[in-house]
Amino acid sequence: MTATVSAPGFLTTVQDTGRTGFRNIGVSHGGALDVHALRVANLLVGNEPSAAALEITLGGLRLRFEDRRVVTWCGGAFDVKIGETRLSAGHPAIVESSEQLTIERPEIGCRGWLAVSGGIDVPEVLGSRSTDLRAQFGGMDGRQLRVDDVLRFGPIGPRSDAVLSALATHRVASWFAPAQWVSPVSRNPILRVMRGSEWPRFDPEVRGILFREPFTVTSQADRMGVRLEGPKLHFTGDDLASEAVSAGAVQVPPAGHPIILLPDCQTIGGYPKLAHVITVDLPVAAQLRPGDQVQFQLVRLAEAHELLIERARQLTVFRAAISLAYQ
């Protein structure tokens, strides 16, 4: 019921769907930077969608399993293998006792999510098993994985047992989740955004620049946010009082280089918010790495709602189909 970390990779942490209800006391929501990918991966291995999994940044992870499990992964264009068998994104597969799973550096994107049947069994802190690296709690003692860490898994449930039976002769499933769910990466990503709370207070020319010009991801990119460089977006309004912020906000500091906030972001901030990345595009933002170029596209709030509702509907249908298949 365990796996040993032979190599932890650049940055690997335990994450689930995050913490809710604690932002008023300064606790970030956190959780997987692509919650949709996490849920899909969990469903594919027979877990509840909120089960804890591993978030891998820039690869380099090697795990040695001590018992038979179902695994799958979603995220960037990683090279993933079980032994010498290549495992494509979104395909459930069996890993046998004593086998090694490896995840190498991705060609495109930077993050992946590895789900294991039973989920990662670590204590809950404030209702979540997610790792908060800055506050140093949750996951594996509030830190990233290290060499020789032992990951414990929960018991294999009936749905995971059904997957094991279905894969007894094939090992890697022929079924898989939609490609745009399991690997939402591209070489020239476009992020759809809504108008931010300070949108009217930016000069129209500045607002136009946001959508005309590409921006480049700097080395200042982590789970809190992604700083961009390119044309400067100056704010000429009065100073702002700090107020609540959330993942997806596009803040503009005095230097004029925008920052896209991600789920580990602070709970309040005083920089003006020019725009806000829509929820269904946060998985695309989660894959941005230094040197990538990104562009923005303006959409209406109603369109963002429609896209989110449709995503939720599709996931419900997918979950029902998986449940029937895994009976």
Side-chain angles (χ1 to χ4, degrees), residues 1-23 25-75 80 92 95 97 99-103 111-157 159-160 222-224 247 262-264 286:
M1 294 193 293
T2 65
T4 301
V5 178
S6 304
F10 178 76
L11 174 65
T12 303
T13 57
V14 177
Q15 301 293 344
D16 59 15
T17 52
R19 295 180 173 84
T20 56
F22 300 100
R23 292 177 62 81
I25 57 172
V27 178
S28 298
H29 183 275
L33 297 193
D34 183 348
V35 173
H36 185 63
L38 176 90
R39 288 173 173 148
V40 170
N42 273 321
L43 290 172
L44 285 168
V45 301
N47 292 342
E48 287 300 311
S50 59
L54 294 181
E55 180 176 281
I56 302 100
T57 302
L58 295 176
L61 177 68
R62 295 201 302 272
L63 300 177
R64 179 76 62 181
F65 283 75
E66 303 302 324
D67 69 335
R68 198 169 189 242
R69 293 280 161 169
V70 184
V71 299
T72 196
W73 67 279
C74 300
V80 180
V95 57
S97 174
E99 280 195 311
Q100 182 166 265
L101 181 145
T102 61
I103 301 181
R111 292 186 176 93
W113 292 268
L114 176 70
V116 181
S117 54
I120 311 297
D121 186 12
V122 294
E124 285 192 3
V125 180
L126 298 178
S128 171
R129 292 181 169 87
S130 288
T131 307
D132 189 319
L133 291 170
R134 281 175 171 75
Q136 298 182 354
F137 64 78
M140 298 290 287
D141 299 321
R143 59 171 174 79
Q144 65 191 75
L145 296 194
R146 298 173 183 163
V147 174
D148 293 332
D149 275 344
V150 176
L151 296 172
R152 301 189 181 278
F153 305 124
I156 294 177
R159 288 196 299 264
S160 296
D222 58 16
R223 285 182 46 86
M224 281 192 68
L262 295 178
D264 265 7

- May I ask you to decide if R62's main-chain N or O and T102's side chain share a donor-acceptor pair within less than 3.5 Å? no
- Item | Charged N-O contact under 4.0 Å between R69 and D67 | yes
- Task: Locate the shortest heavy-atom distance separating F65 from L101; write the atom from each residue and the value.
- Result: CE1-CB, 4.0 Å
- Message: Test side chain to side chain contact (heavy atoms under 4.5 Å, CB included) on S130 and R19; report intermediate values, then the result.
- Response: CA-CA 8 Å; S130 288; R19 295 180 173 84; 3.8 Å; yes
- Flag, side chain of N42 to backbone of N47, donor-acceptor distance under 3.5 Å: no
- R68, CZ atom: more than 12 neighbouring heavy atoms under 6.0 Å: yes
- For F153 and T2, work out which heavy atoms get closest and say how close. CE1-C, 3.6 Å
- Item | Check against salt bridge (Lys or Arg N to Asp or Glu O under 4.0 Å), R143 and D149 | CA-CA 11 Å; R143 59 171 174 79; D149 275 344; 2.8 Å; yes
- S117 side-chain N/O to V70 backbone N/O, donor-acceptor pair under 3.5 Å: yes
With a 3.5 Å cut-off and sequence neighbours excluded, list the donor-acceptor pairs that the side chains of residues 32-41 form with protein atoms.
from: D34; atom 1: OD1; to: H36; atom 2: N; distance (Å): 3.2
from: D34; atom 1: OD1; to: A37; atom 2: N; distance (Å): 2.9

- Message: Has T131 got a side-chain atom pairing as donor or acceptor with Q15's backbone, closer than 3.5 angstrom?
- Response: no
- Message: Test of understanding: with salt bridge (Lys or Arg N to Asp or Glu O under 4.0 Å), list the residues that count as partners of R134, not counting sequence neighbours.
- Response: D222
- Query: Taking it one step at a time, do I56 and L114 satisfy side chain to side chain contact (heavy atoms under 4.5 Å, CB included)?
  - Reply: CA-CA 8 Å; I56 302 100; L114 176 70; 3.8 Å; yes
- Take L126 and V27 through the test side chain to side chain contact (heavy atoms under 4.5 Å, CB included) and record every step on the way to the result. CA-CA 9 Å; L126 298 178; V27 178; 4.2 Å; yes
- Message: So which atom in G139 and which in V122 form the shortest heavy-atom distance, rounded to 0.1 Å?
- Response: O-CB, 3.7 Å
- Message: If we ignore hydrogens and angles and just use 3.5 Å, is the side chain of R223 paired with the main-chain N or O of D264 as donor and acceptor?
- Response: no
- Message: Closer than 3.5 angstrom, by distance alone: can the side chain of R111 be matched with the main-chain N or O of A286 as a donor-acceptor pair?
- Response: yes
- Rounded to the nearest 0.5 Å, the CG atom of L61 sits from the OG atom of S6 at a distance of 9.0 Å
- Query: Nearest heavy-atom pair of A51 and G119: which atoms, and what distance?
  - Reply: CB-CA, 4.4 Å
- Any chance you could lay out the side chain to side chain contact (heavy atoms under 4.5 Å, CB included) test for L151 and L63, step after step, and finish with the verdict? CA-CA 9 Å; L151 296 172; L63 300 177; 4.0 Å; yes
- If we ignore angles and hydrogens, is there a donor and acceptor under 3.5 Å between the side chains of S128 and D16? yes
- Verify the distance criterion only: is there a donor paired with an acceptor across the side chains of E48 and S50 at less than 3.5 Å? no
- Query: If you take all heavy atoms of Q144 and T13, which pair is closest and at what distance?
  - Reply: CA-CG2, 3.9 Å
- Do the side chain of T12 and the main chain of P8 share a donor and acceptor less than 3.5 angstrom apart? yes
